[in-house]
Amino acid sequence: MPILRCPHLTPGDAVRVVAPSGPVPREEFEAGIAILRRRYQPIYDPALIAASEGFLAGPDQQRAHELNAALADPGARAVFMARGGHGLLRILPFIDLDAWRAHPKPVIGFSDGTALLALAARAGIAAVHGPVITQLPRLPQQDIDGLFGLLEKPGPALLCDNLEAVVPGRVRGPLVGGNLEVFSRLLGTPFAPDPEGAILFIEDIGERPYRVDRLLTHLDLAGVFSAAAGVVVGDFVDCKEPESSRFPSPSVQDVLHERLGRLAIPVTFGARFGHGDRHVALPTFTLAELDTRRGTLMAIEGAVA
């Protein structure tokens, strides 16, 4: 399906903020929404943002209803996730794609939001792998400006530079990926993005090295790496083996180099996106170019038109 790039935003536009995954920490949300409010007009229901039911931000029906309302809102120009966590996989079958297509707008999120970005591809709508509201206060201004730039300025853009070449090469393809754990859970479902000819980008947090090995091997066995055109590795935060482990473990970087360094497609490390202290926003399912000689990832098309 051809990807529809959404109309660009301008400062002062109305945007929706939703919590379709885990409970949202109040103080972090308030600090993040203050940053967003300096640029746009955020619309959200405080009661729903504050909702909590175990590891979810409220019941599935409630979260799906609020997300559908935001996606279908003709007055909103984008939808921002308040936080990641867990829960989006549970409500994917209940999202109204026709209503979203009728009023196309980019969704912005990551981590558990990887599932929502995949749904955007199914809807044929470009999206942004970028900071959630609770992450904004921890980021440098250049990453916040970069996010706003993707939403407001159509056309090519430098996304990442100073990338470390692990396997050299230069390729073009749509940007596909996100959180490694969530992305792997989409395989075998109707919501899995098509990796054919894509530049796959991955990041994660809190996964022990042997689990990262398992996840990468799963993608390999599922044919993702044989279909993809290239790989860009972002931050892998707190992916360590506990000191109490019985046997020594390779580091997560060792695992990433061993699993990905043998691929026959370009592979780069050092991109600053994910759960770390930087988060470069990426326009997903739109055309990009990875060039290991220059150490760059360029957006050829943006998420907006």
Side-chain angles (χ1 to χ4, degrees), residues 1-8 16 18 20-21 64 67-68 70-72 77-81 84 87-130 132 147 150-151 154 159 171-203 219 222-232 234 273-274 281-290 297 299-305:
M1 175 185 295
I3 292 294
L4 173 65
R5 289 185 293 160
C6 306
H8 69 270
R16 293 289 291 260
V18 296
S21 298
L67 180 54
N68 276 326
L71 295 174
R77 303 302 296 273
V79 176
F80 286 79
M81 285 184 59
L88 264 167
L89 286 172
R90 296 167 57 123
I91 65 173
L92 287 187
F94 309 111
I95 304 306
D96 187 343
L97 299 186
D98 290 335
W100 191 0
R101 292 188 192 104
H103 303 285
K105 57 183 67 68
V107 295
I108 299 95
F110 82 113
S111 194
D112 196 48
T114 298
L116 185 54
L117 301 181
L119 191 68
R122 191 181 186 197
I125 298 173
V128 175
H129 182 279
V132 293
L147 169 62
L150 279 185
L151 296 172
L159 301 173
V171 292
R172 286 190 174 190
L175 282 170
V176 170
N179 180 264
L180 178 59
E181 164 67 18
V182 178
F183 185 87
S184 74
R185 299 299 180 179
L186 294 167
L187 298 180
T189 77
F191 306 101
D194 183 2
E196 188 66 39
I199 298 174
L200 178 69
F201 63 94
I202 55 173
E203 62 84 31
L219 266 58
V224 172
F225 294 132
S226 60
V231 180
V232 180
F273 61 82
L282 305 176
T284 59
F285 312 108
T286 56
L287 187 62
E289 179 182 88
L290 175 63
L297 178 66
I300 306 302
E301 298 175 345
V304 300

Kindly indicate whether the side chain of [X], heavy atoms from C-beta on, has any atom under 4.5 Å from the side chain of [Y].
X    : Y    : value
L151 : P106 : yes
I199 : V231 : no
P283 : L159 : yes
V232 : L282 : no
P93  : F191 : yes
R172 : E289 : yes
I91  : P20  : yes

What distance do [X] atom [atom1] and [Y] atom [atom2] have between them, rounded to the nearest 0.5 Å?
X    : Y    : atom1 : atom2 : value
L97  : L71  : CG    : CG    : 9.0 Å
F80  : L147 : CZ    : CG    : 5.5 Å
L67  : R16  : CG    : CZ    : 9.5 Å
H129 : F273 : NE2   : CZ    : 6.5 Å
L92  : T189 : CG    : OG1   : 7.5 Å

(request) Decide side-chain contact (heavy atoms from CB on, under 4.5 Å) for L119 and V107; before the verdict, give the C-alpha distance in whole Å, the side-chain angles of both, and the deciding distance to 0.1 Å. (result) CA-CA 10 Å; L119 191 68; V107 295; over 6 Å; no
Return yes if some donor-acceptor pair links the side-chain N/O of [X] with the main-chain N/O of [Y] below 3.5 Å, else return no.
X    : Y    : result
D194 : A121 : no
N68  : D96  : yes
T284 : A127 : yes
R77  : K105 : no

Might you point out which heavy atoms bring [X] and [Y] nearest each other, and give the distance in Å?
X    : Y    : value
P7   : V304 : O-CG1, 4.0 Å
L187 : V224 : CD2-CG2, 4.0 Å
V128 : A303 : CG2-CB, 3.9 Å
L88  : G113 : CD1-CA, 3.7 Å
G223 : S226 : O-OG, 3.0 Å
G302 : T286 : O-CG2, 3.4 Å

(request) Evaluate the side-chain contact (heavy atoms from CB on, under 4.5 Å) criterion for residues F110 and L117: first the C-alpha distance (whole Å), next the side-chain angles of each, then the deciding distance (0.1 Å), finally the verdict. (result) CA-CA 8 Å; F110 82 113; L117 301 181; 5.6 Å; no
Under 3.5 Å, which donor-acceptor pairs link side chains of residues 173-184 to any protein atom two or more places apart or in another chain?
unit_1 : atom_1 : unit_2 : atom_2 : d
N179   : OD1    : E181   : N      : 3.2
N179   : OD1    : V182   : N      : 3.0
N179   : ND2    : E203   : OE2    : 3.3
N179   : ND2    : D204   : OD1    : 3.2
E181   : OE2    : R185   : NE     : 2.7
E181   : OE2    : R185   : NH2    : 3.0
S184   : OG     : E181   : O      : 2.7

(request) Determine, stepwise, if the pair L219 / L200 fulfils side-chain contact (heavy atoms from CB on, under 4.5 Å). (result) CA-CA 11 Å; L219 266 58; L200 178 69; 4.1 Å; yes
